[in-house]
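Read the structure below first, then the notes.
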Amino acid sequence: MNELIRERAKHFSGIPLSILDLAMINEGSHAGQSFKNSVDLAQHAEDWGFNRYWLAEHHNMPGVASSATSIIIGHVAQETKDIRVGSGGVMLPNHAPLVIAEQFGTLDAMYPGRIDLGLGRAPGSDQATAYALRRTLQSGGEDFPQQVEELRMYFAGNPTDRVRAFPGAGQNVPIWLLGSSGFSAQLSAELGLPFSFASHFAPQFMMQALQIYHQNFRPSKDLQKPYAMMGVNLIAADTDEKAQYLATSMQQQFLNIRQGKMTQFNPPIEDIHAVWSPFEQEAVAQQSQAPSVIIGSPETVKRKLEEFVEMTKADELIISSGIFDHEERLRSYEILSEIMK
């Protein structure tokens with residue numbers, strides 16, 4: 001368990017808070033600036049006492065710069081001191097398990113005791129892009145359990161194995177399974193691994209997945225009792241009104257995904273109702289009004305976070321803040337760090 005929670009981390013309601021970064025590319029900006037912003041946020045997060053800083057793998061999305069996830073993880077780890085850095089997650093069906101073992105074995109050799117490997121089974125893209133990455137769609141993610149087992153075998157580093165990962169063999173890189181349904185919850189439980197649920201974009205399956213994980217958990221050498229980290233979309237500002245204004249960027253992102261639009265991350269707008277139909281408004285409202293979406297002033301955020309922790313009994317929260325302006329995003333996490341104190 002010491003691999004999961006650093007003693008130096010500050011806590012909220014008894015649990016640590018972490019950050020999920022999608023390395024968003026703002027409208028009119030570029031990937032290089034996104035990486036600079038990620039490093040700056042990670043450095044602040046370290047000073048503020050956040051537990052870990054994860055980056056997510058996505059492809060063929062002009063508004064997301066984190067496609068080469070392991071490279072960015074190394075870049076962030078190089079520019080920070082002791083915050084844990086990892087993947088939230090690497091989409092394992094897109095890669096040969098041996099390659100991931102070598103990549104994260106390399107990262108762990110460079111930054112020992114600081115690297116997390118979160119694994120997902122979704123492509124992180126559309127089907128055409130998934131084919132371009134894999135050159136075949138035969139598995140469709142159905143062999144994910146076998147891929148996870150193969151990856152763990154490379155880290156175990158049995159000397160009699162014909163193929164071994166160097167670096168990687170014998171290294172202790174904590175593996176998490178990520179999910180937005182019950183599949184990875186069940187697999188995490190069976191393998192005795194920590195589980196991170198994507199409640200920030202699949203809140204409707206949140207409680208069901210948690211129940212599956214807790215009821216079926218089997219202790220392992222990696223973990224003696226269940227450990228669940230829940231995703232939260234959170235936008236904090238000094239007033240509720242300002243937070244709602246900043247949140248229109250996230251709402252536009254929800255809308256663009258629903259409409260199948262591939263765009264950079266949009267700036268906030270004064271009248272969000274001007275960009276959607278009543279039907280789209282209702283659909284986005286269902287997403288943005290979930291308990292895992294928290295928008296408001298410090299007082300509002302604290303109250304809603306407490307309610308979310310009470311509802312889920314989460315062991316850790318990982319926070320994504322889709323805010324266009326970098327200084328406003330920093331301020332959002334700063335408010336959260338003040339709540340942690």
Side-chain angles (χ1 to χ4, degrees), residues 20-25 30-32 34-35 38 53-77 85-108 115-155 163-168 173 175-181 183-184 187-188 193 196-198 200-202 231 253 256-265 320:
L20 176 64
D21 184 10
L22 302 184
M24 303 301 294
I25 304 176
H30 53 83
S34 296
F35 300 146
S38 291
Y53 194 97
W54 279 9
L55 294 125
E57 176 186 348
H58 291 281
H59 300 278
N60 196 30
M61 298 180 72
V64 178
S66 53
S67 53
T69 316
S70 61
I71 295 176
I72 308 170
I73 289 170
H75 180 54
V76 171
V85 188
S87 58
V90 160
M91 300 298 108
L92 190 55
N94 293 340
H95 312 276
L98 176 61
V99 172
I100 298 304
E102 291 171 341
Q103 288 179 356
F104 280 78
T106 300
L107 288 168
D108 182 66
I115 301 300
D116 295 326
L117 175 52
L119 301 172
R121 72 183 185 104
S125 61
D126 57 272
Q127 279 212 333
T129 308
Y131 177 78
L133 286 162
R134 306 177 194 175
R135 311 312 302 172
T136 176
L137 294 181
Q138 288 181 347
S139 71
E142 287 83 1
D143 60 350
F144 181 68
Q146 291 74 32
Q147 289 183 303
V148 171
E149 187 56 37
E150 182 182 347
L151 177 61
R152 297 177 79 197
M153 179 190 71
Y154 291 131
F155 282 126
V163 178
R164 300 173 67 192
F166 299 108
V173 180
I175 291 178
W176 296 65
L177 297 192
L178 282 56
S180 57
S181 67
F183 183 96
S184 290
L187 184 59
S188 298
L193 293 176
S196 181
F197 186 76
H200 58 297
F201 67 78
Q253 184 185 35
N256 289 336
I257 292 172
R258 186 169 185 83
Q259 294 177 338
K261 292 181 180 178
M262 308 290 271
T263 66
Q264 293 184 319
F265 194 57
S320 176

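Atom CD of Q147 sits about 10.0 Å away from atom CD1 of I100, to the nearest 0.5 Å. One finds the OG atom of S66 at 8.5 Å from the NE2 atom of H59 (value rounded to the nearest 0.5 Å). Here the straight-line distance linking atom CZ of F144 with atom CZ of R121 works out to 8.0 Å at 0.5 Å rounding. Rounded to the nearest 0.5 Å, atoms NE2 (H200) and CG (L20) are 5.0 Å apart. Within the model, atoms CE of M24 and CD of Q264 stand 9.5 Å from one another, a figure rounded to the nearest 0.5 Å. Rounding to the nearest 0.5 Å places CE of M61 at 11.0 Å from CZ of F265.
Looking only at atom types and distance, the side chain of D21 has no donor-acceptor partner in the side chain of W54 under 3.5 Å away.
The shortest distance between side-chain heavy atoms of F155 and I175 falls below 4.5 Å. The shortest side-chain heavy-atom distance between H75 and I71 does not fall under the 4.5 Å cut-off. With a 4.5 Å cut-off on side-chain heavy atoms, S38 and Y53 count as touching. A 4.5 Å side-chain heavy-atom check between L178 and F197 finds every atom pair outside the cut-off. In this structure, W176 and L119 have side chains that are not in contact, with every pair of non-hydrogen atoms separated by 4.5 Å or more.
Qualifying side-chain hydrogen bond (donor to acceptor under 3.5 Å, both in side chains) partners for S196, counting only residues two or more places apart in sequence or in other chains: none. Applying the side-chain contact (heavy atoms from CB on, under 4.5 Å) test to N256 and every residue at least two apart in sequence or in another chain returns Q259, K261, T263, N266. By the side-chain hydrogen bond (donor to acceptor under 3.5 Å, both in side chains) test, S70 pairs with Q103, sequence neighbours left out. Evaluation of the side-chain hydrogen bond (donor to acceptor under 3.5 Å, both in side chains) rule for H95 yields E57 as partners, not counting sequence neighbours. Judged as a side-chain contact (heavy atoms from CB on, under 4.5 Å), and not counting sequence neighbours, the contacts of S87 are T69, I73, V90, F104, L117. With sequence neighbours left out, A96 forms a side-chain contact (heavy atoms from CB on, under 4.5 Å) with V99. Legend: residues meeting side-chain hydrogen bond (donor to acceptor under 3.5 Å, both in side chains) with R152, ordered by chain and number and at least two apart, are D222. Residues passing the side-chain contact (heavy atoms from CB on, under 4.5 Å) test with L98, sequence neighbours excluded: E102, Y154, V163, A165.
Contact between A31 and A65 at its shortest, heavy atoms only, is CB-CB, 4.0 Å. Scanning all heavy atoms of the two residues, the minimum distance from L22 to A56 falls at CD2-CB, 3.5 Å.
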Requested in this report: Give the C-alpha distance, both sets of side-chain angles, the deciding distance and a yes or no for side-chain contact (heavy atoms from CB on, under 4.5 Å) between V148 and L92.
Outcome: CA-CA 8 Å; V148 171; L92 190 55; 4.0 Å; yes

